[in-house]
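Contents: one structure, followed by commentary.
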Amino acid sequence: MSMEDYDYLFKIVLIGNAGVGKTCLVRRFTQGLFPPGQGATIGVDFMIKTVEIRGEKVKLQIWDTAGQERFRSITQSYYRSANALILTYDITCEDSFRCLPEWLREIEQYANNQVVTILVGNKIDLAEKREVLRQKAEDFAESQSMLYLETSAKESDNVEKLFLDLACELIREAKQNKLDNTDSAPMPGEGKAISYLSCCSLN
Amino acid sequence: MAAVDLPSEFDVVILGTGLVESVVAAACSRVGQRVLHLDRRSYYAGNWASFTFNGLQDWIRESQEQRPPEELQDWSSLVKEGEKLMYLPHSDSASISNIEIYCFARFRPITDSSGGDGTGLRLFKPIRVHQEEDHLLLPAETWVDPPLPVCQPINFSSSLGPFLRQLMFSRGSLVDLLIKSNVSRYAEFKNVSRVLTCRERRVQQVCPHMSLSRPTNWTVFLTSGHPYRGRPYLDFLSDQQLGENLQHFLLHSIAMVTENTPTEVGLAATRHFLRCLGRYGNTPFLFPVYGLGEIPQCFCRMSAVFGGVYCLRHSVHCLLLDKDNRCKAVIDSRGQRISCGHFVVEEGHLTLDIKKVSLVTVPPITAGAPAVKMVELCSSTMTCIPGTYLVHLTCQSVGSAYQDLSPVVTRMFKTPQSHDQDAGPSVLWCLYFNMVDGSGVQVQRQDLPSNVYMCSGPDGALGHEHAISQVICILPEEEFCPPAPNPEDIIYDGDSAYSTGEDEQGEELQEGEDLKKEEADNEKTKEVDGPNDREEQKQMVESCDQGEELQ
């Protein structure tokens, strides 16, 4: 492998019900276009875009569900090693919002526990058809300690911001981790606190 | 996530998401077949699956449950003239038996912070962990590093497949296929760092080993076996003026055969071991991070990326056969009729037509116990929490899993039954079970409709050749898993002069593009994205060499 021309590489994974605009968000961001029609994306695995944030090159690898969300059959391996998850719903579709707890359960089960999750309400260009109030979604996101953003892939509202914010957050976490990880490998028998346990607040 | 009806027409319907079925799915989707891939379970990979500790608890519960026999429903309303029904039995859990669990650590049920029902058990504090010298196999070097922050293992992740299924020979049809098809980009791999053997109660290192790296000796050794054709490998070894230690290594840890194995088979196995040596490191094995259960899922994703439709918790109740005894359609568990050109099914769904020879019947080779294979995984394989190890023990069974394996467990580890309470690492939790050996399954082809294919589960043999060769039998004429294009090379509607570099890929992509064009119909909403933008973007985008990382 040659020397890579980036400072950070992050894997970002999109999830959410079918038809909420996941693919559109990715293509708007990576290609600057809004794909017409609702064709399934055949042969597209993930997209890559390199952005520059405060002088550092950040390569974002953005993965789409490949249609497996349609019958709730996403492979667990899809969540593996994701640095960030974009959980998307459609603000004009109450049902896609109601399914969020189910998605969160999947995340909890399969994604690593340091994953950064952001909730995205898409399709704000269809404001007149809105079914999910912004306040409600914000409250929900807060209760689950997720970031929240409303976007329009069609009008390109907040799409750039979504990915750049995520990238900033990931860089921040990566730097933080570097500091924390200096003595992260406990020696056998030391009985050091195990990180995942601390998040379960047993005491 | 609402219940959506499945499309009702496919070229291939596949039931079961084990390795063989998943490779078939990927191969079919890749050449443009419309694939419907179902699994009655709520998880992927069937008997190849890897579980988290909580998932494993669920699996145990399910495997022990006696499910009431399903009522045969009357589907006659869906049967057209001249068709006949063939029911698929649901005796799938029969492939697992003799489950026994021993818990030596303190566990306590925890309540989900999110208000869950607290059904899961979590290990909250390892009492004692392995000492350094107890490591049997310790993958130390990361083979493909996760790009940046190393994520913490969620929990223990345990795979069902037998020992040799946990590991992959670094040269073999599965690894070759992973590289060739670019499916390897969906998984990460580690190199097994040591192979050891247990001789006279001592653990000894086989490789990396000094004497294995002198190829001149090997050439003579490997080519001099001809006079021993048909005679046991052990005879050949003992006539080669090798030390007893080396003989033991060669027989048990390198060839991994028994004392009665014919010389030519033993030598072939030895040759394979040596060929794999050094491809990715000092041992011939690779381990998929998170367990082998990842690999079938990777093929499923490849299939989905190329249009395969995926549906878990969904099964097929019966097949509809036409006059020529070909399967025309299936009826799914929701009573929907789905027509298909071919039907592929995992073993266990067609028990009536199959002569099953389970592993359990294999007699012991010597008067003693069967040879036990052991894999020790450390926390960097993402299969267990730091400070603990996950150990898989597998053997061809003589009695129940407990009878065969517990003597080894008590000898190598510290359990309340061990004589020496001070030696050996403590066992925290222990699960025994028997699984049917996939290689023992023989399909009586004449009983099956000509376009119905059966795939076997994991077997105990070396390598994954058996699994891959099954796939090739099912798809003899198609191009087999051509490499998937890199994301950068994909052409979208509207870009024309965007060179892909490779003609072959270009052509395939062109097809994909045509499909999309049809869907988009004449609505030629060419997006306004100036050529300048695109050019810039191309420069920004770097080539993704994930596929090559394996090479």
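What you are looking at is a predicted structure, and each value in this text was computed from that prediction instead of being measured.
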Closest non-hydrogen atoms of B/Gln297 and A/Gln76, given as atom of the first, atom of the second and distance, are OE1-N, 2.7 Å
When rounded to the nearest 0.5 Å, the distance separating OH of B/Tyr43 from OH of A/Tyr110 is 10.5 Å
(message) For A/Glu142, is the CD atom crowded, meaning more than 12 foreign heavy atoms sit under 6.0 Å from it?
(response) no
Give a yes or no on whether the backbone of A/Ser73 and the side-chain of B/Tyr44 come within a donor-acceptor separation of less than 3.5 Å. yes
Indicate yes or no: at least one non-hydrogen side-chain atom of B/Cys300 is less than 4.5 angstrom from one of A/Gln68.
yes
Heavy-atom closest pair (A/Ser77 atom, B/Cys298 atom, distance to 0.1 Å) is OG-N, 4.3 Å
Bottom line for A/Leu104: the part with an atom under 4.5 Å from chain B's heavy atoms is neither
Exactly one candidate in A/Thr65, A/Thr75, A/Asp45 meets side-chain hydrogen bond (donor to acceptor under 3.5 Å, both in side chains) with B/Arg301; the answer is A/Asp45
query: Which is it for A/Arg80 and B/Glu188 under the side chain to side chain contact (heavy atoms under 4.5 Å, CB included) test, yes or no, and what are the steps along the way?
result: CA-CA 10 Å; A/Arg80 307 278 198 217; B/Glu188 287 163 15; over 6 Å; no
